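Bear in mind the structure is a predicted one, so any value in this text is a computation, not a measurement. Whatever order the structure lists them in is the order used to number ligands and atoms, beginning at 1.
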Amino acid sequence: MIIRQRPLHPIPSSEITPKSVFDDRRRVLKTLGFGGLAATMPLWLPGPAEAAWRPTEGKALSGTPHPKYNAQVLGQEPASLEVVSTYNNFYEFGLGKGDPAEHAGKFKTTPWTIKVEGAVEKPGTYDIDDLIKAEDIEDRVYRFRCVEAWSMVVPWLGVPLAKVIKRLNPTSKAKYVYFETVFDPDQMPGQRRPTLEWPYKEGLRMDEAMNPLTLLAVGVHGQVMPNQNGAPIRLIVPWKYGFKSIKSIVLMRFVEKEPPTSWSVANGREYGFYSNVNPNVSHPRWSQATEKKIGLNNIFGLPIRQPTLMFNGYEEEVAAMYAGMDLRKFF
Ligand SMILES: Nc1nc2c(c(=O)[nH]1)N[C@H]1C(S)=C(S)[C@@H](COP(=O)(O)O)O[C@H]1N2
Ligand SMILES: [Mo]
């Protein structure tokens, strides 16, 4: 995406100093922050026979194929791993589509903890493999669409966010979930510049977070998530523009009020909180009626364009959540 008021300039590669990464981070202890029995044991301790999966980039990872969200039912071949992992938006590693693949190679994703806080009965700092259990991982092929009017079909591996949230027991005050990406300018050269308000922040209304489509993804194409795609854990919200799908999450906070998001803070006129894929609501600077399929060219070598679908094709699953809302106002 592009910010209108502040033209973005690609970072010259001469300015990027890949730092060697040291294993000096303290392994943060799980703190459940809740009295009684719960505080004495981790929530989802892996059983002895069950080898915990590790977010090691490139390692094979499998998930239960979803009966509906697969390539056959969708009738479209997923973009190749090569395409999915070399055409990226991850401004922490640069503004060009090739920058994340080029600069995220040494990004350290183990150990990885996620802080859970706010209106929730089981706050704490969780190791990723306690939050995401291997046996819950599903293989789901989703359409993915960026607000820049390009799209891909991607086979993600992940756990429904609802499953994770239910175990954390949000209180009745939780109306939204707010997420943050890790802030680590030593590892993320893009964070040394004010291109966006860092750390990257996003949010979902509680019903959107609990919708069965919403995934916490930890892999793609049968392997652990490549760093440039948001390792080790990122959101996938397939009916919304790609920027809602926040990468490399370290914080989940349950809140009462609609939280700020990086793109709305940067330019609220162009990027709203809801960000639902909607061919009838143009971005102020371009139409959203059609989209370019990345990695697919026609016989003349030109990119294939296709009509944009309402809610990216997931209308049946999500339209009810927005009944009665003016989607031009709440864009
Ligand atoms: N932390 C963070 N998350 C992010 C972004 C980013 O710059 N930083 N870019 C968003 C945008 S604009 C898109 S389109 C998707 C791209 O995901 P992909 O690179 O896996 O296709 O990530 C989203 N999540
Ligand atoms: Mo995007």
Option whose closest heavy atom lies nearest to atom 11 (C) of ligand 1, chosen from Tyr271, Trp263, Phe243:
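Heavy atom nearest to atom 11 (C) of ligand 1 belongs to Phe243.
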Do Arg143's NZ or CZ and the ring of Tyr314 fall within the cation-pi criteria of under 6.0 Å and 45°?
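Yes, a cation-pi geometry.
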Could you tell me if Arg234 sits above the aromatic ring of Trp156, with its cationic atom closer than 6.0 Å to the ring centre and no more than 45 degrees from the axis?
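Arg234 over Trp156 ring: yes.
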Under 4.0 Å from a heavy atom of [X]: give me the atoms of ligand 1 that qualify, with their elements.
{"X": "Thr181", "answer": "1 (N)"}
{"X": "Ser245", "answer": "22 (O), 23 (C), 24 (N)"}
{"X": "Phe90", "answer": "1 (N), 2 (C), 6 (C), 7 (O), 8 (N)"}
{"X": "Cys146", "answer": "14 (S)"}

Under 6.0 Å between the ring centres of Phe330 and Phe273?
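Between Phe330 and Phe273, the centre distance exceeds or equals 6.0 Å.
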Kindly determine whether Leu216 and Ile132 satisfy side-chain contact (heavy atoms from CB on, under 4.5 Å), including the steps that lead there.
CA-CA 8 Å; Leu216 273 173; Ile132 302 293; 4.2 Å; yes
For ligand 1, is any non-hydrogen atom under 4.0 Å from [X]'s backbone (N, CA, C, O), its side chain (CB onward), both, or neither?
{"X": "Phe144", "result": "side chain"}
{"X": "Glu148", "result": "neither"}
{"X": "Met152", "result": "neither"}

Can an N or O of [X] be found at a distance shorter than 3.5 Å from an N or O of ligand 1?
{"X": "Tyr91", "answer": "yes"}
{"X": "Trp150", "answer": "no"}
{"X": "Asn229", "answer": "yes"}
{"X": "Asn88", "answer": "yes"}

Which atom pairs, one a donor and one an acceptor, fall under 3.5 Å between side chains of residues 170-179 and the rest of the protein, sequence neighbours left out?
residue: Thr171; atom: OG1; partner: Lys173; partner atom: N; Å: 3.3
residue: Lys175; atom: NZ; partner: Ser172; partner atom: O; Å: 2.9
residue: Tyr178; atom: OH; partner: Glu180; partner atom: OE2; Å: 2.5

Any idea how Trp112 and Phe107 line up, ring-wise: parallel (<30°), tilted (30 to 60°), or perpendicular (>60°)?
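Because their plane-to-plane angle is over 60°, the rings of Trp112 and Phe107 count as perpendicular.
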Selection residues 215-230 - residue pairs positive for side-chain hydrogen bond (donor to acceptor under 3.5 Å, both in side chains), sequence neighbours left out
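Counting only pairs at least two positions apart or across chains, the side-chain hydrogen bond (donor to acceptor under 3.5 Å, both in side chains) contacts touching residues 215-230 are Glu57-Asn227.
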Nearest 0.5 angstrom please: Leu161 CG to Leu213 CG, how far?
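Answer for the CG-CG pair, Leu161 versus Leu213, is 12.0 Å.
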